[in-house]
Engineer: 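Could you have a look at this structure, given as structure tokens, before my questions?
In what follows, every chain begins at residue 1, and chains take the letters A, B, ... in the order their sequences are listed. Because the structure is predicted, anything quoted here is derived from the model rather than measured.
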Protein chains: 2
Amino acid sequence: MIPVMEASRLITADDVAPLARGCAVLGTGGGGDVASGALAARRAVEQYGGVPLIALGDLSPDDVILPLGMIGAPTVGHEMIHGDDQPALILREVERLLGRRPAAVMSSEIGGSNGVHPVGWAARLGLPLLDADAMGRAFPEVQMVSMHVAGLAPTVIVLADVVGNVTAVRPVDGAWAERIARAVCVAAGSSALMADYILRAAEARGALIEGTVSRAIALGRAVDGAADPLGALTAELGARNLLNGKITDLRRETTGGFARGAAVVTGVGGDRGRIITLEIQNENLVAVEDGRVLAMVPDLITVVDTQTASAVQTEGLRYGQRISVLAWPCDPLWRTPRGIEVAGPRAFGYDLDYVPVEDIP
Amino acid sequence: MIPVMEASRLITADDVAPLARGCAVLGTGGGGDVASGALAARRAVEQYGGVPLIALGDLSPDDVILPLGMIGAPTVGHEMIHGDDQPALILREVERLLGRRPAAVMSSEIGGSNGVHPVGWAARLGLPLLDADAMGRAFPEVQMVSMHVAGLAPTVIVLADVVGNVTAVRPVDGAWAERIARAVCVAAGSSALMADYILRAAEARGALIEGTVSRAIALGRAVDGAADPLGALTAELGARNLLNGKITDLRRETTGGFARGAAVVTGVGGDRGRIITLEIQNENLVAVEDGRVLAMVPDLITVVDTQTASAVQTEGLRYGQRISVLAWPCDPLWRTPRGIEVAGPRAFGYDLDYVPVEDIP
């Protein structure tokens, strides 16, 4: 019997909360305000209906995929402008530029609010959502995307700000893309919706991280009503629990639009006597114990509440909080030489050779 | 006998120097480095051939006019990038966005370097130059253009920076256009070529200031070898000579990308005993004597060398220099209520009601 392709499923309002929980875990401490993203997505789905979640294989080679993400500081209520909205402005501009209506929305970044917002954007636009993203996690810079690692050139970046200005940039390379997009975003009140690395389905294979939306929903569902939420999440992630402990020191500063800092976690219970330091640049990037690195970017490091297994974002860290530090492997794409170059420890200024988390004794 | 429309003339390398002299006069102290503009234009004309100078009436209603101007700090040698160039990048993007090749280049700003550069840009692009501009002089801000005064909406602004990045902005209004274009320009090294208020010939009548290229050339030619250059220029402009004098005090500061300051001119010869102060914001905006305003923006005030009648730009003013201060009427468009609102004295922060220069006793 010939295997039948699984029918695309519909993301409903009931899926939004588990998706948001999963996206928060994949955000590794960063990724913006997940709760507002969930609120906006839920409202849009209630108003415009559920969103078909499709696989890359469901698209025809010429179909255009529209990757979307907020850059800057996303805020509830900022999403709507003058009865029109940012996703519609971007869609219209992309149609103008490409002469073709995109066939699906994709999350640029599954980690954090940008993982859950696209459900709402797809609902508004009446488009399906592709079960994929460009990071498999959260990253702070425009060029830290799978398409760049795969060698695709940025063609045109389209930004729509909260005021309604629409800007299309054809950058000479990814670094200029980042620089100009950031400048436009700052000029427009530090928040904009962005479509970057708009691509055809034919060039997407190997250039996206597939299955991440359904994975995020599965992560959220795994802890739902579990007797041992932390155990359930760790198992679903295939993660190591580096430490159960509490925050005993916290240093954070915001420079150049990035939150930098470190958190010291002191072990409790069976981990008493151990101390782990987390190096943070928006996301948790490196976990160190006694000068020994236990996990490093691009592998994922997330702080969760020990009782509920809810992800704790960097800005939510509090002195004395009981937390667990989980670490697990990133997508294989990030472990290629080019992946390491784009988003390995040295891309963030750490003088470390990348070692996969599962290879660290 | 039916009058025959004058055949379009060709701008040759020999026209560049007089054009540059005229543009410097119309620059009212601002408008960038006219000498580099002349050098670049002359080279382009020598390489690509002369540029037909056409009138608005020579265009068909659907023809697209491409207004071009540098924003930021233009520098020689920055114009060319990677064998391609900024005008070609802009032309290509405009063709993509409009689905139509522009029929003519136009200077956005006849005053200063942006009045002479377009000859070179048109030569490179193989397009004629329209005998018109959007200011009839120089102004510092993106929205201070005739199309805005005439009530045309900015549609899309296209910027190409020296690196080769191309950015297209659809602003919600002129103020946002200014803000975003400036941000992109600063991100790209503070210099970019910009196409703004791209328009069809059908909507251009009354929304452009016509005849300004040929006028600038005529101004330059008028002083060429004249026995009395100052008298010849004053007559050709229909200007008042407010004062023959010397610079006795000079105050300049650069804030927010603008040169602000004042120059005190003390009369010599027949004007001995008189003192005029020029208020400057990039351009010469107000001339005051004993608390009495003698001329004010949008009318034109230019400082020229008394002997040669060459325009002296703000950055070229020197203590003790023998100069004459000329003032003459702006285009009638700037004297409409909306023209005064956009670029009258209050638009520059002066608490003055506009009085035409020729009505001041």
Side-chain angles (χ1 to χ4, degrees), chain A residues 71-72 81-86 88-100 142-143 153-196 198 256-257, chain B residues 71-72 81-86 88-100 142-143 153-196 198 256-257:
Chain A
I71 64 168
I81 23 143
H82 304 317
D84 209 338
D85 61 10
Q86 289 164 279
L89 289 173
I90 290 204
L91 186 73
R92 196 186 309 156
E93 191 67 14
V94 170
E95 282 189 78
R96 272 197 193 112
L97 290 166
L98 272 61
R100 194 182 178 103
V142 168
Q143 78 278 13
T155 50
V156 59
I157 296 176
V158 181
L159 297 116
D161 63 38
V162 293
V163 178
N165 300 297
V166 179
T167 304
V169 185
R170 290 185 196 276
V172 293
D173 60 31
W176 278 103
E178 164 71 22
R179 201 163 160 183
I180 296 178
R182 198 68 60 180
V184 170
C185 172
V186 168
S190 288
S191 179
L193 181 63
M194 179 171 73
D196 189 11
I198 300 158
Chain B
I71 63 169
I81 23 146
H82 305 315
D84 208 338
D85 61 9
Q86 289 164 278
L89 289 174
I90 289 203
L91 186 74
R92 196 185 309 157
E93 191 67 14
V94 170
E95 281 189 79
R96 273 197 193 113
L97 289 166
L98 272 60
R100 195 182 178 102
V142 168
Q143 77 279 11
T155 50
V156 60
I157 296 174
V158 181
L159 297 118
D161 63 37
V162 293
V163 176
N165 301 297
V166 179
T167 303
V169 185
R170 291 184 195 275
V172 293
D173 60 32
W176 278 103
E178 164 71 22
R179 202 164 160 182
I180 295 179
R182 199 66 62 180
V184 170
C185 172
V186 168
S190 288
S191 178
L193 181 63
M194 178 169 74
D196 189 12
I198 300 158

Engineer: Give the minimum heavy-atom separation between B:Ala183 and A:Ala187, together with the two atoms involved.
Structural biologist: CB-CB, 3.6 Å
Engineer: Which residues pass the side-chain contact (heavy atoms from CB on, under 4.5 Å) test with A:Arg179, not counting sequence neighbours?
Structural biologist: A:Trp176
Engineer: Between CG of A:Asn165 and CZ of B:Arg170, what distance do you get to the nearest 0.5 Å?
Structural biologist: 12.0 Å
Engineer: Quick check: do B:Leu97 and A:Leu97 have side-chain heavy atoms less than 4.5 Å from each other?
Structural biologist: yes
